[in-house]
*Asks:* 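Just passing along the structure, written as structure tokens.
Model, not experiment: these values are computed from the prediction.
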Amino acid sequence: MRIIWDYIKISDGIRIIKAWGEESCLQIPEDIEGIPVTEIGPYAFSAAEVPRRFRINADERQRLVTEWGVPVQNGSAGIWMTAEGSQAERQKTQEEPVAGNRLQAIRLPATVTAIGDYAFYGCGKLEEVAFTDSLQRIGSGAFMGCGAVRRLEVIEDGSGKNSLYQMLSELRYAIKLTIKSPGKKEEFVVPEYYETSVENIPARILELHFQGTGYRYRQCFRDGKVWYREYDELFRLAESQEPPEVLTQLAYCRIKYPNGLSGEAKKEYLEWFSAHVREAGEYFLKRDDLESVRLICESGGFDGTAETEKRSQGNDGNRKVVADGAGDFYMASMGENVLGEEENVQQNGKAGGENGAGFWESPRASLDVLMEMAGRMGRTEILSCLMDYRHRKQGSGRQKKVFEF
């Protein structure tokens with residue numbers, strides 16, 4: 001991996017002003033010439049034209065060539081080259097700037113304390129940003145136009161700096177947040193939000209309204225720490241505004257990383273999984289996520305009753321649905337006489353209308369619903385895990401039979 005770094009020396013260290021190469025995922029070096037890299041310059045990774053006030057004179061520019069993160073000797077010029085050497089090297093290698101849509105991930109070392117104005121402006125394919133608590137300032141519009149960022153990773157050193165809140169404030173889309181500190185790891189989901197301006201004509205002012213729970217969730221990461229209680233209390237509000245996919249991730253992350261999780265909040269998350277097993281199950285099963293299903297089961301998340309199921313029965317009420325092999329295996333384990341067959345509502349006396357058209361309600365155990373879904377989707381490994389869990393759960397409450405001969 002060959003990367004060429006353009007930089008200048010400033011009062012407190014090194015400022016990166018451009019990167020060249022074929023890579024799309026960059027790791028900013030910690031130091032150059034033994035001097036720490038402390039700043040990402042304005043428009044450093046933007047493909048837009050740099051305004052005049054941010055342009056750097058050619059005689060100030062220097063260049064570092066690295067191979068797999070290691071500085072490379074370059075003839076008599078040594079590792080670090082002058083502006084003239086940089087231009088000649090650029091023309092010889094025909095390197096392209098890693099900027100705009102070419103950049104997909106960026107990792108900042110602990111030495112970086114500032115990100116300049118519009119440093120990542122227009123990086124529409126930037127998906128992941130990693131940084132540390134050492135970051136103190138994020139310039140205006142630094143992440144404007146970075147609509148693809150979905151993952152943030154921050155390494156905390158206990159300094160209590162508010163860099164995480166600054167970063168979240170710059171990104172209004174749904175974010176998967178990972179926080180690492182000595183001996184601890186946490187993951188959170190921070191939903192998206194939108195700002196709308198509504199004109200208050202009598203008062204002659206514009207009122208700013210926030211749509212979505214993302215704005216309020218971001219307030220739970222202020223003052224350099226995580227406000228767990230406030231974060232968990234927002235779940236009730238999120239249930240009325242966020243889609244099931246986001247709610248599934250919100251609840252799962254808190255169950256998997258229960259730092260600061262109260263017993264009441266844990267119970268609420270687990271009850272949500274039981275009541276919305278179809279939505280949560282679809283999310284996990286589509287990804288064939290055995291680890292997540294096992295964790296929620298072992299935590300008691302699918303031990304309740306699913307939401308009332310409503311089905312419409314018409315002229316096709318007697319139609320049989322043929323299950324696949326895994327579904328047959330599941331149905332047989334449940335003791336069903338006819339595999340994949342839906343009962344006729346008229347047989348249960350719950351039909352409405354002459355041809356059996358109407359609605360019937362059937363409350364079912366969440367675990368049964370999830371097992372049926374796993375069978376129909378052919379997730380045999382998950383189905384086996386669920387059956388094993390059910391067997392252990394049922395067996396724990398019964399005494400073993402003793403046979404005498």
*Asks:* Please check: side-chain N/O of R254 versus main-chain N/O of N259, any donor-acceptor pairing under 3.5 Å?
*Replies:*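 The answer is yes, because a donor-acceptor pair under 3.5 Å joins these two groups.
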*Asks:* What distance do R63 atom CZ and I17 atom CD1 have between them, rounded to the nearest 0.5 Å?
*Replies:*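 Going from the CZ atom of R63 to the CD1 atom of I17 covers 9.5 Å.
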*Asks:* Within the 4.5 Å heavy-atom criterion, are I14 and D31 side-chain neighbours or not?
*Replies:* no
*Asks:* Does a side-chain N-to-carboxylate-O contact under 4.0 Å join E245 and R287?
*Replies:* yes
*Asks:* Less than 4.5 Å apart, side chain to side chain, heavy atoms only: is that true for Y389 and V293?
*Replies:* no
*Asks:* Is the shortest side-chain heavy-atom distance between V98 and E23 below 4.5 Å?
*Replies:* no
*Asks:* I'd like to know whether OH of Y283 has more than 12 heavy-atom contacts from other residues, nucleotides or ligands below 6.0 angstrom.
*Replies:* yes
*Asks:* What residues form a side-chain hydrogen bond (donor to acceptor under 3.5 Å, both in side chains) with E291, not counting sequence neighbours?
*Replies:*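 Listed in chain order: nothing, the list is empty.
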*Asks:* Give a yes or no answer on whether the side chain of D117 reaches the backbone of S140 with a donor-acceptor pair at less than 3.5 Å.
*Replies:* yes
*Asks:* Got a sec, which residues hit side-chain hydrogen bond (donor to acceptor under 3.5 Å, both in side chains) with K9, two or more places apart in sequence or on another chain?
*Replies:*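 Residues passing side-chain hydrogen bond (donor to acceptor under 3.5 Å, both in side chains) with K9: E33.
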*Asks:* Where the side chain of S366 meets the backbone of F302, is there a donor-acceptor pair that is under 3.5 Å apart?
*Replies:*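 Absent.
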*Asks:* Is the number of heavy atoms from other residues, nucleotides or ligands under 6.0 Å of Q219 CD greater than 12?
*Replies:*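 Atom CD in Q219 is packed in, count exceeds 12.
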*Asks:* Compare all side-chain heavy atoms of D133 with those of S181 and state whether any distance is below 4.5 angstrom.
*Replies:*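 Contact flag for D133/S181 side chains = no.
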*Asks:* Between atom CD of E192 and atom OH of Y173, what is the distance when rounded to the nearest 0.5 Å?
*Replies:*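 Going from the CD atom of E192 to the OH atom of Y173 covers 8.0 Å.
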*Asks:* Can you tell whether the side chains of R229 and E233 come within less than 4.0 Å, N to carboxylate O?
*Replies:*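 Yes.
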*Asks:* Using a strict cut-off of less than 4.0 Å between a Lys/Arg side-chain nitrogen and an Asp/Glu carboxylate oxygen, indicate whether R2 and E22 qualify as a salt bridge.
*Replies:*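 No, this pair does not count.
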*Asks:* Taking salt bridge (charged side-chain N to carboxylate O under 4.0 Å, His left out) as the criterion, tell me which of K176, K256, K180, R151 meets it with E187.
*Replies:* K176
*Asks:* Would you say R55's side chain and V50's backbone share a donor-acceptor pair under 3.5 angstrom?
*Replies:* yes
*Asks:* Can you check side-chain contact (heavy atoms from CB on, under 4.5 Å) on T66 and W5, steps first, answer last?
*Replies:* CA-CA 8 Å; T66 61; W5 305 93; 3.5 Å; yes
*Asks:* I need the D288 CG to M377 CE distance, nearest 0.5 Å.
*Replies:* 8.5 Å
*Asks:* Which heavy atom in E156 sits nearest to a heavy atom in G224, and how many Å separate them?
*Replies:*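 Distance-wise, the nearest heavy atoms are OE2-O, 4.5 Å.
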*Asks:* Do the two ring centres, one from Y118 and one from F54, sit under 6.0 Å apart?
*Replies:*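 Here the rings of F54 and Y118 have centres that are no less than 6.0 Å from each other.
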*Asks:* Taking all non-hydrogen atoms of both residues, which atom of R364 and which atom of V369 are closest, and how far apart?
*Replies:*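 Of all heavy-atom pairs spanning R364 and V369, the closest is CB-CG2, 3.9 Å.
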*Asks:* Is S240 reaching over with its side chain to a backbone N or O of L237, donor-acceptor style, under 3.5 angstrom?
*Replies:* yes
*Asks:* Flag the pair D232 and K266 as a salt bridge only when some basic side-chain nitrogen lies within less than 4.0 angstrom of an acidic carboxylate oxygen.
*Replies:* no
*Asks:* Assess whether side-chain contact (heavy atoms from CB on, under 4.5 Å) is satisfied between F143 and V129, documenting all intermediate values.
*Replies:* CA-CA 11 Å; F143 291 91; V129 179; 4.0 Å; yes
*Asks:* With sequence neighbours left out, what residues match R15 under side-chain hydrogen bond (donor to acceptor under 3.5 Å, both in side chains)?
*Replies:*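 Residues passing side-chain hydrogen bond (donor to acceptor under 3.5 Å, both in side chains) with R15: E39.
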*Asks:* Could you tell me which residues satisfy side-chain hydrogen bond (donor to acceptor under 3.5 Å, both in side chains) with E268, sequence neighbours excluded, listed by chain and number?
*Replies:* R236
*Asks:* Is a side-chain donor or acceptor of S46 paired with a backbone partner of A119 at a separation under 3.5 angstrom?
*Replies:*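 Looks like no, no N/O pair under 3.5 Å.
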*Asks:* For K18 versus Y43, what's the shortest heavy-atom pair and its separation?
*Replies:*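 So the two residues come closest at NZ-O, 3.8 Å.
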*Asks:* Without swapping roles, check the side chain of Q166 against the backbone of Q136 for a donor-acceptor pair under 3.5 Å.
*Replies:*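 Yes; judged by distance alone, with no hydrogens or angles, the pair exists.
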*Asks:* Hey, what do you get for CG (L108) to CG (L26), rounding to the nearest 0.5 Å?
*Replies:*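 Answer for the CG-CG pair, L108 versus L26, is 10.0 Å.
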*Asks:* Using the test side chain to side chain contact (heavy atoms under 4.5 Å, CB included), find all partners of A238 that sit at least two apart in sequence or belong to another chain.
*Replies:*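 Applying side chain to side chain contact (heavy atoms under 4.5 Å, CB included) to A238 gives T213, Y217, E242, L247, L250.
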*Asks:* Does the side chain of E186 come within less than 4.5 Å of Y228's, by heavy atoms?
*Replies:*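 Yes; the side chains approach each other to less than 4.5 Å.
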*Asks:* How close do S299 and L270 get, heavy atom to heavy atom, and via which atoms?
*Replies:*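 Of all heavy-atom pairs spanning S299 and L270, the closest is O-CD1, 3.1 Å.
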*Asks:* Please report the closest heavy-atom contact between G124 and A148, naming both atoms and the distance.
*Replies:* O-CB, 3.2 Å
*Asks:* Quick one: are Y252 and F273 in side-chain contact, heavy atoms under 4.5 Å?
*Replies:* yes
*Asks:* Under the criterion side-chain contact (heavy atoms from CB on, under 4.5 Å), I'd like the reasoning laid out for M371 against L383: C-alpha separation, chi angles, the key distance, then a yes or no.
*Replies:* CA-CA 6 Å; M371 289 174 69; L383 178 58; 4.1 Å; yes
*Asks:* Within the structure provided, determine whether L370 and L285 are in side-chain contact (heavy-atom separation under 4.5 Å).
*Replies:* yes
*Asks:* Do F131 and L152 come close enough that some side-chain heavy atom pair is under 4.5 Å?
*Replies:* yes
*Asks:* Taking P244's backbone N and O only, do any of them form a donor-acceptor pair with T248's side chain (distance below 3.5 Å, no angle check)?
*Replies:* yes
*Asks:* Has R150 got a side-chain atom pairing as donor or acceptor with G147's backbone, closer than 3.5 angstrom?
*Replies:* yes
*Asks:* Stepwise, does the side-chain contact (heavy atoms from CB on, under 4.5 Å) test hold for I179 with K184?
*Replies:* CA-CA 8 Å; I179 302 178; K184 185 175 68 172; over 6 Å; no
*Asks:* Report the distance from atom CG of L168 to atom CD1 of I175, rounding to the nearest 0.5 Å.
*Replies:*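 Here the rounded value is 7.0 Å.
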*Asks:* Where is the tightest heavy-atom contact between C146 and L171, given as atom of each residue plus distance?
*Replies:*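 Looking at all heavy atoms of both residues, the shortest contact is O-CD2, 4.2 Å.
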*Asks:* Quick check: are there more than 12 heavy atoms from other residues, nucleotides or ligands sitting under 6.0 Å from NZ of K286?
*Replies:*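 No, not enclosed.
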*Asks:* Are any side-chain N or O atoms of T132 and backbone N or O atoms of S134, one a donor and one an acceptor, separated by less than 3.5 Å?
*Replies:*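 Checking the backbone N and O of S134 against the side chain of T132, a donor-acceptor pair under 3.5 Å is found.
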*Asks:* Taking the six-membered ring of F221 as reference, does the NZ or CZ atom of R218 fall below 6.0 Å from its centre and within a 45° cone about the axis?
*Replies:* no
*Asks:* For salt bridge (Lys or Arg N to Asp or Glu O under 4.0 Å), just list the numbers for R376 and E372, CA-CA rounded to whole Å, side-chain angles, deciding distance to a tenth of an Å, and then say yes or no.
*Replies:* CA-CA 6 Å; R376 292 186 182 278; E372 182 177 356; 3.2 Å; yes
*Asks:* Would you list the pairs meeting side chain to side chain donor-acceptor pair (under 3.5 Å) in which at least one residue belongs to residues 98-110, sequence neighbours left out?
*Replies:* R107-E153
*Asks:* Is it true that R222 and E230 have a side-chain N and a carboxylate O under 4.0 angstrom from each other?
*Replies:* yes
*Asks:* Let me confirm one number: the CG-CG distance from L126 to L103, rounded to the nearest 0.5 Å.
*Replies:*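 Rounded to the nearest 0.5 Å, the CG-CG separation comes to 5.0 Å.
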